[in-house]
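Chain A is the first sequence line, chain B the second, and so forth, proteins listed ahead of strands; every chain is numbered from 1.
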There are 2 protein chains.
Amino acid sequence: MNDSDRRTASMAGSKRKDARRNQQALLDAAATIFVASGVEAPVRDIAAKAGVGIGTIYRHFPTRAELIIAVYRHQVDACAEAGPALLAASPTPHAALAQWVDLFVDFLVTKHGLAAAMRSDSAGFETLHAYFLDRLLPVCTQLLDAATTSGEIHPGLEAYQLMRGIGNLCIGADADPRYDARRMVALLVAGLRQPH
Amino acid sequence: MNDSDRRTASMAGSKRKDARRNQQALLDAAATIFVASGVEAPVRDIAAKAGVGIGTIYRHFPTRAELIIAVYRHQVDACAEAGPALLAASPTPHAALAQWVDLFVDFLVTKHGLAAAMRSDSAGFETLHAYFLDRLLPVCTQLLDAATTSGEIHPGLEAYQLMRGIGNLCIGADADPRYDARRMVALLVAGLRQPH
DNA sequence: TGCAAAGCGGAACGGTGTTCCGTATTGTTT
DNA sequence: AAACAATACGGAACACCGTTCCGCTTTGCA
């Protein structure tokens, strides 16, 4: 049993049915509110939408990061699993890296405020940062290593830095039509290429 | 008289001497506190450090953005003026652009929280964003155009996007030793280069 | 049905930005 | 010097937010 299984088990295994129901209601409400108002929406709004009290949301999700993680776990997992698949299916490792980065960027820019939240220095958000790193850093490292080995990109860049850079470039990408995060990330990845 | 002169004049021309003294005290206090606690430090702290009441800070600087701008105006102006100078002194436009970007990045990463503040969606921070754009966008555009004309970089990238990208890459650059914003920006600028 | 355990709700607290107005300071006029 | 109007000041008060805490309710079991 890994960390991921243990966390999801904590929900499925909840003893009382009202607790399970409320937790699901909170997840649904959070998902809706995150789309409408971003991941920094007031806790009270989420509790109200779910029809529960404020205490309940804190009992199920002691930190906002845990709620965000619970809401987006499936998508993050899908992104993590896409890495090896792309590597196997793409003509070159660099192509796989590029496609995977696209996936990651798409995920970030469509989740209002998520990229910013991950860089927030408020207490509790290190957890969010850590979760993304746990799940995606190994994948990114694998892709980066493959592309380095194939000689397509410069060696020496830590996957961590690349992911942070990409995350940063996605901040505020919604809400500003003049800014195209995808393009900026593409430029960054282009800068990674070995000058043939 | 341009906008910049008018704004500075609003300080020098303040009629009552206590008002002038307090405004200067606030600027000094803000500069100190910004260094110690970042540009998002509580308004009360700044007022306390300056030895004035809360009302006074709001009278002189109705929005936080105006206070930040007042504190950093000189440095932003210096950065703006460095653009043409670099263009004249550098061997190639691309070298000038690279040096200017370095200047900009240095400024951002040494001002705790400034890059993040510029991307904050709270009301009042559009002013900050707008000020930086007013002062620096023309300079960046000039450098970018020169480098495009000389054939060193791909055409078609708006200076606005480049500046936003750079600003984003600088977010949280302090407080994370594993992340090197300068390197990421260098990568971005490298991605801009015309493939020979 | 009774009862202990588990869970719930929301009042209450601390911290923050912001407004507002009675009071104090300043500069001018007499 | 004294009176006065204009200007500026201070901080109480309000609104909003995250978070904690505890009396009350619901649940599941005996």
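I57(B) places its CD1 atom 13 Å from the P atom of dT19(C), with the value rounded to the nearest Å. Note: CD (E40(B)) to P (dC17(D)) measures 17 Å, nearest angstrom. What separates NZ of K15(A) from P of dG7(C) is a distance of 9 Å, to the nearest Å. Rounded to whole Å, atom C1' of dA15(D) lies 15 Å from atom CG of D45(A). Atom pair F61(B):CZ and dA8(D):P shows a separation of 13 Å (rounding to whole Å applied). Rounded to a whole Å, the CZ atom of R20(B) is 16 Å from the C1' atom of dC9(D). Protein atom CZ of F125(B) is 8 Å distant from nucleotide atom P of dT18(C), rounded to whole Å. The distance from atom CZ of R64(A) to atom C1' of dG18(D) is 8 Å, rounded to the nearest whole Å.
Taking for each of T63(B) and D18(B) the nucleotide of DNA chain C with the nearest heavy atom, the 5'-most of the two is the partner of T63(B). Ranked by how close their nearest DNA chain C nucleotide is to the 5' end, R21(B) and I54(B) are led by I54(B).
The base of dG18(D) sits with one of its N or O atoms less than 3.5 Å from a complementary donor or acceptor on the side chain of R44(A). Judged by atom type and distance alone, R16(A) reaches the base of dA6(C) through a side-chain donor-acceptor pair under 3.5 Å.
Counting only heavy atoms from C-beta on, K17(A) has its side chain closest to dT27(D) among dC8(C), dT20(D), dT27(D). For H60(A), counting side-chain heavy atoms from C-beta on, the closest listed nucleotide (dT16(C), dC8(C), dG18(D)) is dC8(C).
The closest donor-acceptor contact from the side chain of Q142(A) to the backbone of P84(A) lies at 3.5 Å or more, if one exists at all. Within the 3.5 Å criterion, the main-chain N or O of I171(A) finds a donor-acceptor partner in the side chain of N168(B). With hydrogens and angles ignored, the 3.5 Å screen pairs a side-chain donor or acceptor of E126(A) with a backbone N or O of G124(A).
Look at N22(A) and you'll find a side-chain N or O under 4.0 angstrom from OP1 or OP2 of dC8(C).
Relative orientation of the F132(A) and F107(A) rings is tilted, given thresholds of 30° and 60° on the angle between their planes.
At the heavy-atom level, R59(A) lies under 4.0 Å from base atoms of the strands shown.
Partner C140(B) forms a side-chain contact (heavy atoms from CB on, under 4.5 Å) with one of Y160(B), W100(B), F104(B) and no other, that one being W100(B).
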